[in-house]
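Numbers here are sequence positions counted from 1.
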Amino acid sequence: MEIRTITETERPEALELVWGTFLAFVAPDYPPQGVESFRAFLNSRDTMDALEIAGAFEGGSLKGVIAVRDERRHICLFFVRAASQGQGVGRQLWEYVRDRCAHSAITVNASPFAVPVYRRLGFQALGPEQTAGGIRYTPMKYERPSPPAEREE
């Protein structure tokens with residue numbers, strides 16, 4: 001599997017993967033306002049231009065997408081094609097971002113569907129579920145484990 005930055009010409013395919021996966025797994029938990037808010041987010045060129053988007057490719061096929069902002073401190077999009085879920089694609093995308101982030105913590109606003117996934121990746125909830133613009137989410141945070149303290153002998 002190759003994890004790499006999505007090119008400008010690959011962005012429409014990546015956003016189509018995000019939208020289709022969102023409709024299948026996340027939208028059922030959202031009111032119509034939330035679905036429309038998410039669609040507006042994806043359709044905002046300025047917003048998408050501000051994101052660093054990476055994709056997981058296998059055999060030339062896009063399997064999943066992760067997008068971050070704020071110097072890789074916040075995950076904005078994280079979707080794996082239905083047929084590729086449960087095969088480690090998401091974990092590889094997460095590790096790609098985590099390993100390239102110089103900060104001690106990474107945050108996400110996780111959809112109800114994604115909360116268990118983020119927990120498995122080491123994220124902790126920062127508070128209860130919230131709703132904004134019809135988008136339901138739980139604020140979560142991953143903190144890097146501190147390296148073991150060196151002992152003097």
Within a strict 4.5 Å, meaning less than it, do heavy atoms of the Q124 and Y142 side chains meet? no
Are any non-hydrogen side-chain atoms of V89 and L93 less than 4.5 angstrom apart? yes
Flag the pair E8 and R45 as a salt bridge only when some basic side-chain nitrogen lies within less than 4.0 angstrom of an acidic carboxylate oxygen. yes
Quick one: do T107 and I75 satisfy side-chain contact (heavy atoms from CB on, under 4.5 Å)? Show the steps, please. CA-CA 6 Å; T107 59; I75 297 172; over 6 Å; no
Do T7 and E10 pass the side chain to side chain donor-acceptor pair (under 3.5 Å) test, and can you show the C-alpha distance, the side-chain angles, and the key distance before you say yes or no? CA-CA 5 Å; T7 66; E10 293 168 330; 3.2 Å; yes
Say whether L23 and Y137 are linked into one hydrophobic cluster, either directly or through other cluster members, by side-chain heavy-atom distances under 4.5 angstrom. yes
Working to the nearest 0.5 angstrom, can you tell me the gap between I6 CD1 and L15 CG? 9.0 Å
Do the non-hydrogen side-chain atoms of S104 and E143 ever get within less than 4.5 Å of each other? no
For A24, all residues meeting side chain to side chain contact (heavy atoms under 4.5 Å, CB included), sequence neighbours excluded: none
If hydrophobic clusters are built from ILVMFWY residues whose side chains come within less than 4.5 Å, do V115 and F113 share one? no
SB check E129 R136 (cutoff 4.0 Å): yes
Would a single hydrophobic cluster contain both V108 and L121, if residues Ile, Leu, Val, Met, Phe, Trp and Tyr are joined by side-chain heavy-atom contacts under 4.5 Å? yes
Which atoms form the tightest heavy-atom contact between P116 and P112, and what is the distance? CD-O, 3.7 Å
Out of curiosity, E71 CD to I106 CD1, how far, rounded to the nearest 0.5 Å? 12.5 Å
Between F22 and F38, how do the two ring planes meet: parallel, tilted or perpendicular, split at 30° and 60°? parallel
Between V117 and F123, is there a side-chain heavy-atom distance shorter than 4.5 Å? no
Please lay out, stage by stage, how L126 and M140 fare under the test side-chain contact (heavy atoms from CB on, under 4.5 Å). CA-CA 5 Å; L126 295 174; M140 300 184 82; 5.7 Å; no
Please determine whether residues V35 and V26 belong to a single hydrophobic cluster, defined as Ile, Leu, Val, Met, Phe, Trp and Tyr linked transitively by side-chain heavy-atom distances below 4.5 Å. yes
Could you give the distance from CZ (F79) to CG (L17), rounded to the nearest 0.5 Å? 9.0 Å
Does some side-chain heavy atom of F25 sit less than 4.5 Å from a side-chain heavy atom of S111? no
V68 versus H74: any side-chain heavy-atom pair under 4.5 Å? no
In one Ile/Leu/Val/Met/Phe/Trp/Tyr side-chain cluster, 4.5 Å: M1, V65: no
Distance from S84 atom OG to K63 atom NZ, nearest 0.5 Å? 4.0 Å
So, does Q85 use its side chain to make a donor-acceptor pair with the main chain of V80 at under 3.5 Å? yes
Exactly one of R72, R69, R73 should register a salt bridge (charged side-chain N to carboxylate O under 4.0 Å, His left out) with E52. Which one does? R72
Which pairs, with at least one residue in residues 19-44 and sequence neighbours excluded, count as a side-chain hydrogen bond (donor to acceptor under 3.5 Å, both in side chains)? S44-T47
Could you give the distance from CD1 (I3) to CD1 (I66), rounded to the nearest 0.5 Å? 9.5 Å
At what distance, to the nearest 0.5 angstrom, does OG1 of T138 lie from OH of Y118? 11.5 Å
Hey, are the side chains of R98 and R144 touching, using non-hydrogen atoms and a 4.5 Å cut-off? yes
So, are R11 and D49 salt-bridged, with charged N and O less than 4.0 Å apart? yes
Crowded around E16 CD? As in, over 12 foreign heavy atoms under 6.0 Å? no
Between P139 and P128, the two heavy atoms sitting closest are CD-O, 3.6 Å
State whether the side chain of Q87 and the backbone N or O of A83 hold a donor-acceptor pair below 3.5 Å, judged by distance alone. yes
For Y96, is the NZ or CZ atom of R100 found under 6.0 angstrom from the centre of its six-membered ring and inside 45 degrees of the ring axis? yes
Given 3.5 Å as the limit, does a donor-acceptor pair link the side chain of R81 with the main chain of L62, or not? yes
